[in-house]
Amino acid sequence: METLQSLTGTEDILPKPQWVGQDVKVADISTWQRVEAAAREIFHRAAYREIRTPIFEQTALFERGIGEATDVVGKEMYTFKDRSDRSLTLRPEGTAGVVRAFIQQSLYAQGGVQRLWYTGPMFRYERPQKGRQRQFHQVGVEVLGSRDPRADVEVLALATDLLQTLGLRNLTFYLNSVGNPEDRARYREALVAYLTPYKDQLDPDSQDRLSRNPLRILDSKDEKTQAIAEDAPSILDYLGDDSRRHFDSVQQQLTDLGIAFELNPRLVRGLDYYTHTAFEIQSSDLGAQATVCGGGRYDGLVKELGGPDTPAVGWAIGLERLTLLLETLHPATAPKVDLYVVSRGEKAESNGLLLAQKLRGAGFAVELDLSAAAFGKQFKRADRSGAAACLILGDAEAENGTVQLKWLQSGEQSELAQADLLADVEGLRERLRAARGE
RNA sequence: GCGAGCGUAGCCAAGUGGUUAAGGCAGUGGAUUGUGGUUCCACCAUUCGAGGGUUCGAGUCCCUUCGUUCGCCCCA
């Protein structure tokens, strides 16, 4: 028998089962909802507005935006031909699409600064491991149209606010400046000059990178390579005056805001579009894929993609990594319902449905037992639903227009007219709060 | 793309070539056909991810494949 399975590197996110023992192995939705709610709130407070862009775009957008030489474009994209033979790609990151929309929809024509945030699935064809999926999710922000170092700092503060609000610990915030393209070219030359004599002692990957992408050698995990990189020239010594001033200002203001960071001149980001500020927030609790949040400034990208010369800065947080950290911090709980409706007998059953609808209309969370099982069975389920109280309808109640209201914790039960119950929803709300100990 | 490990029920698992695949949790039915959380009883894998091979005999050994875990590369 061949059963259909989800593809490698994709996962289902399920609601938490109602009680322990009903364990499932997959991710839990409540953690995701908590992250999304916190992000919305924090973005709203800083005047960022949500943008949604398509999940697939023309392949050329990513090739030009992210850089043909990067690993993401070179070997990780989900690229395919559609029925009219166009080359499409499932987005591997969020920035390129946002910038494309910014240009295509002429958002620059609105003047001033665009503060945007987004969330959604991204796709990269890689081997899955801890904190890495082929379909993964990011939440990110982009500020377009400001060169001011305060924009860098605002965006950084947003990231730390969000992570802090969620209660994350053991995070380190690494900061660097990769300067402007001219600074970087001068530095690259100096770095190659320093490394070339050691070429034979570098690990094979790094030897390869010496000509292609020497900056990446700096954060190699190979011990010998690291020892050599230890004494390599620092990019911070190659920043021009403007870059220097910008970076100094960012650092000063981060300090003023009380945001702790660690300068890491060897931090290099994998996408070509970064300029000036580059940063990563890493967790020591994640294994090899430690980066929770990554981003920086990308002053050249908008122009590169055919828009007006527009400076920009942003970041993205990996939600799988974030929820991984949160799940160990606060275990998920099953959502509980307020009331559980138990009924038996044809008339009582439709009466129960009607009553449930009315109570839902009044704002209560109500679960209706759909079985025609014995009351005993239905009570068992009422208990497990986590409801504070259940409403019981049998032939007698349906006949008289009454209902039994039973509090599951105390066992206290009383009969009242359905009309009275509905007339005093505030009273019921109050008793529910009390029953939950609120 | 490369390396290593692992797949026995919804979950946790015992089993290590000899015939009937332990046990626990969860689930279903009953004791209890208008009152739950406890308890007791019964049921719950013709089959060990899938396919092929070796063998008198395979959950156990081999191959392929799919899934999964951790790492490399790279990144969120």
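Hydrogens, waters and symmetry mates play no part in the numbers below; they use all other heavy atoms, side chains included. Each chain gets a letter, A, B and so on, in the order its sequence line appears, and its residues count up from 1.
Counting any heavy atom pair closer than 4.0 Å across all strands shown, A:Gly294 reaches sugar-phosphate atoms only and no base atom. Across all strands, A:Gly131 comes closer than 4.0 Å to base atoms (heavy-atom distances). Across all strands, A:Gly287 comes closer than 4.0 Å only to sugar-phosphate atoms, never to a base (heavy-atom distances). A:Gly94 comes within contact range of no nucleotide atom at all, as no heavy-atom separation falls under 4.0 Å. In this structure, A:Glu320 reaches neither bases nor backbone, as no heavy-atom distance under 4.0 Å exists between it and the strands shown. Nucleic acid contact for A:Ile392: base, since at least one base atom lies under 4.0 Å from a heavy atom of the residue. Residue contacts for A:Ala382: at a heavy-atom cut-off of 4.0 Å it reaches no nucleic acid atom on any strand shown. Backbone-only contact: A:Tyr125 has heavy atoms under 4.0 Å from sugar-phosphate atoms and none from a base. Within 4.0 Å (heavy atoms only), A:Arg344 reaches sugar-phosphate atoms of the nucleic acid but no base atom.
Between B:A76, B:U35, B:C72, one nucleotide has an atom nearer to the side chain of A:Gln413 than all others, and that is B:U35. When distances are taken from the side chain of A:Arg384 to each of B:G27, B:U35, B:A76, the shortest belongs to B:G27. For A:Gln404, the side-chain atoms get nearest to B:U35 when compared with the rest of B:G67, B:G29, B:U35. Of the listed nucleotides (B:A76, B:G34, B:U28), B:U28 has the atom at the smallest distance from the side chain of A:Arg381.
Across the protein-nucleic acid pair, A:Arg127 atom CZ and B:C66 atom P stand 11 Å apart, rounded to whole Å. Between the CZ atom of A:Arg124 and the P atom of B:G1 there is a distance of 17 Å, given to the nearest Å. Between the NZ atom of A:Lys380 and the C1' atom of B:G27 there is a distance of 11 Å, rounded to whole Å. Taking atom CG of residue A:Asn400 and atom P of nucleotide B:G34, one finds them 17 Å apart after rounding to whole Å. In this structure, the CG atom of A:Leu324 is 11 Å from the P atom of B:U69, given to the nearest Å. Taking atom NZ on A:Lys16 and atom P on B:G10, their separation rounds to 18 Å, with Å as the unit. A:Phe375 has its CZ atom 18 Å from the P atom of B:U32, to the nearest Å.
Taking side-chain N and O atoms only, A:Thr8 has a distance below 4.0 Å to OP1 or OP2 of B:G67. OP1 or OP2 of B:C75 lies within a sub-4.0 Å distance of a side-chain N or O belonging to A:Arg216. In terms of phosphate contacts, A:Gln129 brings a side-chain nitrogen or oxygen within less than 4.0 Å of OP1 or OP2 of B:G71.
Between A:Trp315 and A:Phe43, the ring-plane angle classifies as tilted under the 30° and 60° cut-offs. Ring pair A:Tyr78/A:Phe123 is perpendicular by interplanar angle, where above 60° counts as perpendicular and below 30° as parallel.
The pairing partner recorded for B:G1 is B:C72, the criterion being a Watson-Crick or G-U wobble arrangement whose two distances lie under 3.5 angstrom. In a base pair of the Watson-Crick type (N1 to N3 plus N6-O4 or O6-N4) or a G-U wobble (N1-O2 and O6-N3), with each distance short of 3.5 Å, B:C6 is matched with B:G67.
Evaluation of atom-type donor-acceptor distances gives a pair under 3.5 Å for the side chain of A:Glu397 against the base of B:G34.
Because its NZ or CZ atom is both nearer than 6.0 Å to the ring centre of A:Phe364 and within 45° of the ring axis, A:Arg429 counts as a cation-pi partner of that residue. Figure legend: cation-pi geometry between A:Lys406 and A:Phe379, with NZ or CZ positioned under 6.0 Å from the six-membered ring centre and within 45° of its axis. Both tests do not hold together for A:Arg124 against A:Phe136: distance to the six-membered ring centre under 6.0 Å, angle to the ring axis within 45°.
Between A:Phe279 and A:Phe173, the distance separating the two ring centers is shorter than 6.0 angstrom.
Applying the 5.5 angstrom centroid cut-off and the 30 degree plane-angle cut-off, the aromatic ring of A:Phe379 is stacked upon the base of B:U35.
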